[in-house]
Amino acid sequence: MERSISSTAKRFVRRNLQWKGNPRTAPSSFIHCYGRRAFASASGDYREKLSRNRLSDLKLDDAIGLFGDMVQSRPLPSIVEFSKLLSVIAKMKKFDVVISLGEKMQNLGISHDLFTYSIFVNCFCHSSQLSLALAVLGKMMKLGYEPDVVTLSSLLNGFCHSKRISDAVALVDQMMVAMGYKPDAVTFTTLIHGLFLHNKASEAVALVDRMAEKGCQPDLVTYGVVVNGICKRGDTDLALNLLKKMEKGKIEADVVIYNTIIDALCKYKHVNDALDLFNEMEIKGIRPDVVTYNCLISCLCHYGRWDESARLLSDMIERKINPNVVTFNGLIDAFAKEGKLLEAEKLYKEMIQRSIDPNIFTYNSLIYGFCMHNRLKKAKDMFAFMVSKDCLPDVVTYSILIKGFCKCKRVEEGMELFREMSQRGVMGDTVAYTTLIQGFFQNGDCEYAQMVFKQMVSDRVPASLMTYTILLDGLCNNGKLEKALVIFKDMQKSEIEIDIFTYNTMIDGMCKAGKVEEAWDLFCNLGFKGVKPNVVTYTTMISGLCGKRLVHKADALFRKMKEDGPLPDSGTYNMLIRAHLRDGKKAASAELINEMRSCGFAGDASTFGLVTNMLHDGRLDKSFLDMFS
DNA sequence: TTAGGGTTAG
């Protein structure tokens, strides 16, 4: 038979596909430890079980049992029947099992064909063993089997999931140009997914149009890949446009695509758009599932829209879409964060009543709630309880507890937890180290905080912008502005994108150290650095000017803020009022108090403290207090 | 017609 593969193509494959590795080294332990028992228990006619309608509800145990029946029956089943079974197991994502069974067949003298070899190429690619996939490809070609579009698409997937995206692009080009294959929607979709994986979003989107030009229409899965890639990058507008494009192309989006977009809308703070899309899918007759509800419920809780989220919860129960562990975790997390601990515990009991097992997320949320509301004892009990339930704490659990201890000024115990964590083989991450650094600074232990930071660097745990900001804040608050400035200058030279929080920290540090002019320079330069000052920046700067008795300059900045800056908040007004009172400017203070009250803000504790003191020593009279009520 | 692509929630 005339082979369709050209000689260029063969050369390409030889040149590009290394001939390394040995498929015989594939993992086979699975069969040895697990397979035999299953073989022994299997019974019945394999042919009947292999019939199509039976295959879809086959369990892994049954499939392995079936394999046992097949290798024992005589005459041996055809290779087609074996590939049917192997593909079912591959669809269960049990790639190592497929490989083991394939090896077993080989040992029994059952030879493979194009289809079974293709299945192995696919399985090796999925289990990140690209070199073995290439070895199988080499072997099948030696035996005279030609890889076809399906085999090469599997390989393409392997390139995409390793670091070889350029090989993936080249392979598709070669398939089209040199090999004379016609890549289909699956081939293109695989490559599009690979491009997203390698952060080449625009190339991925462009390829959707190019595949259409090549006469290959994107299908539901293609759109699924693109929508997912786009949503991960937060471009919800483009995702919604794609949804319209699908409609035009008469491809009906499925619930997963809607869920993906709803999730992204929730994450990127377009809650109402998410609710609109939810209604739209109802109108289109696409039934939401538990994921749809979970996205919306936890998002609504997050924004304090408790009533709406409760309504959705009862709505889903009414529609027999059962809440699962994620539903409860979302609710418990939101209640715990809000300090509604009784409700959180009630939900925890309810999930157990519904026989839904709590998992590490459940425990982490509850521990967080207890820690943040100063109930350390309860948090530790819960920690011990989860361990007793064989739910092993992770770095997040430890970080939550460490933060809780630090918050209660028990940083030594936090440090102890950190050591315990490391001893148990849980490595500290950026958050864990940062939490501890912050704890030591808050405790006034500047030296130890810096030591932890050094340890973090030597352990090669990357510091985040948050880590640096906490470090700068700690140094500034402990009278080490100079040291902070050195680090800050290094940061400005580095690739870290400094945000307004870091600038606020430095402006505050400079002002508190009396270097108001330097702070003012930094403040004026924010525009050049592409960062917009926020209400805290203005308030800090105004406060710094007041501290230097430059009250007229502070007033001017306050006016500028009201003209073209962020709206002053309670903190701005209170700070300015105190500054004027200290300066003996009663009339100006009175004016500010009225303005503040007309904006709906009230005097805060510091302001009342100052006013009380001034009443005592007679600098103010009682009538002044009436202005606040 | 036995083989290849995406899958969202804490």
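Reminder, nothing fancy here: chain letters follow the sequence lines and each chain counts from 1. Predicted model only: the values in this text are computed from it and were never measured.
Going from atom CG of A:Leu86 over to atom C1' of B:dA3 covers 10 Å, rounded to whole Å. Rounded to an integer number of Å, the gap from CZ of A:Phe188 to P of B:dG5 is 17 Å. Spacing between atom CG of A:Asn364 and atom P of B:dG10 amounts to 14 Å, rounded to whole angstrom units. Taking atom CG on A:Asp184 and atom C1' on B:dG4, their separation rounds to 8 Å, with Å as the unit. Here the P atom of nucleotide B:dG4 and the NZ atom of A:Lys182 are 20 Å apart, to the nearest Å. In this structure, the CG atom of A:Leu242 is 14 Å from the C1' atom of B:dG6, given to the nearest Å. Between the NZ atom of A:Lys232 and the P atom of B:dT8 there is a distance of 7 Å, rounded to whole Å. Whole-Å rounding puts the A:Leu296 CG to B:dT8 C1' distance at 12 Å.
Side chain of A:Asp148, nearest nucleotide from B:dA9, B:dA3, B:dG5: B:dA3. Minimum atom distance to the side chain of A:Lys267 is reached by B:dA9, of the listed B:dG5, B:dA9, B:dT2. The nucleotide whose nearest atom lies closest to any side-chain atom of A:Ser153 is, among B:dG4, B:dA9, B:dT2, B:dG4. Considering only side-chain atoms of A:Asn122, the nucleotide from B:dG4, B:dG10, B:dA3 that sits closest is B:dG4. Side chain of A:Ile257, nearest nucleotide from B:dG6, B:dG4, B:dA9: B:dG6. Checking B:dA9, B:dG5, B:dG4 against the side-chain heavy atoms of A:Thr190 singles out B:dG5 as nearest. Of the listed nucleotides (B:dG5, B:dG6, B:dG4), B:dG6 has the atom at the smallest distance from the side chain of A:Asn228. When each of B:dG6, B:dG10, B:dA9 is scored by its nearest atom to the side-chain atoms of A:Asp333, the top-ranked nucleotide is B:dG10. Distance from the side chain of A:Cys295 is smallest to B:dA9 among B:dG10, B:dA9, B:dT8. Candidate nucleotides B:dG5, B:dT7, B:dT2 were compared by shortest atom distance to the side chain of A:Lys84, and B:dT2 ranks first.
At a cut-off of 3.5 angstrom, counting only N and O atoms as typed in the model, there is a donor on one side and an acceptor on the other between the side-chain of A:Asn259 and the base of B:dT8. Checked by distance alone, A:Ser83 brings a side-chain donor or acceptor within 3.5 Å of a matching partner on the base of B:dT2. A:Ser154 contributes no side-chain N or O that forms a donor-acceptor pair with the base of B:dG4 under 3.5 Å.
The aromatic ring centroids of A:Tyr258 and A:Phe278 lie 6.0 Å or more from each other. For A:His161 and A:His193, the distance between ring centers is under 6.0 angstrom.
In this structure, a donor-acceptor pair under 3.5 Å is absent between the side chains of A:Asn294 and A:Asn329.
Looking only at distances, a side-chain donor or acceptor of A:Arg233 sits under 3.5 Å from a matching main-chain atom of A:Gly229.
Here A:Lys337 lies out of heavy-atom contact (under 4.0 Å) with every strand. A:Val121 comes within 4.0 angstrom of nothing in the nucleic acid, heavy atoms only. Residue contacts shown for A:Thr116 are absent, as no nucleic acid heavy atom lies under 4.0 Å away. As judged by a 4.0 angstrom heavy-atom cut-off over every strand, A:Thr222 is placed among the base-contacting residues. Within the nucleic acid shown, A:Ala185 comes within 4.0 Å of at least one base atom, counting heavy atoms only.
The NZ atom of A:Lys91 sits 12.5 Å away from atom CG of A:Leu58, with the distance rounded to the nearest 0.5 Å. Residue A:Tyr223 holds its OH atom at 10.5 Å from OG1 of A:Thr189, rounded to the nearest 0.5 Å. With rounding to the nearest 0.5 angstrom, the SG atom of A:Cys231 is 8.0 Å from the CG atom of A:Leu240.
Neither OP1 nor OP2 of B:dA3 sits under 4.0 Å from any side-chain N or O of A:Thr151. For the OP1/OP2 pair of B:dG10 and a distance below 4.0 Å, the side-chain nitrogens and oxygens of A:Asn324 include no atom meeting the criterion. Using a 4.0 Å cut-off, some side-chain N or O of A:His126 falls inside it from OP1 or OP2 of B:dG5.
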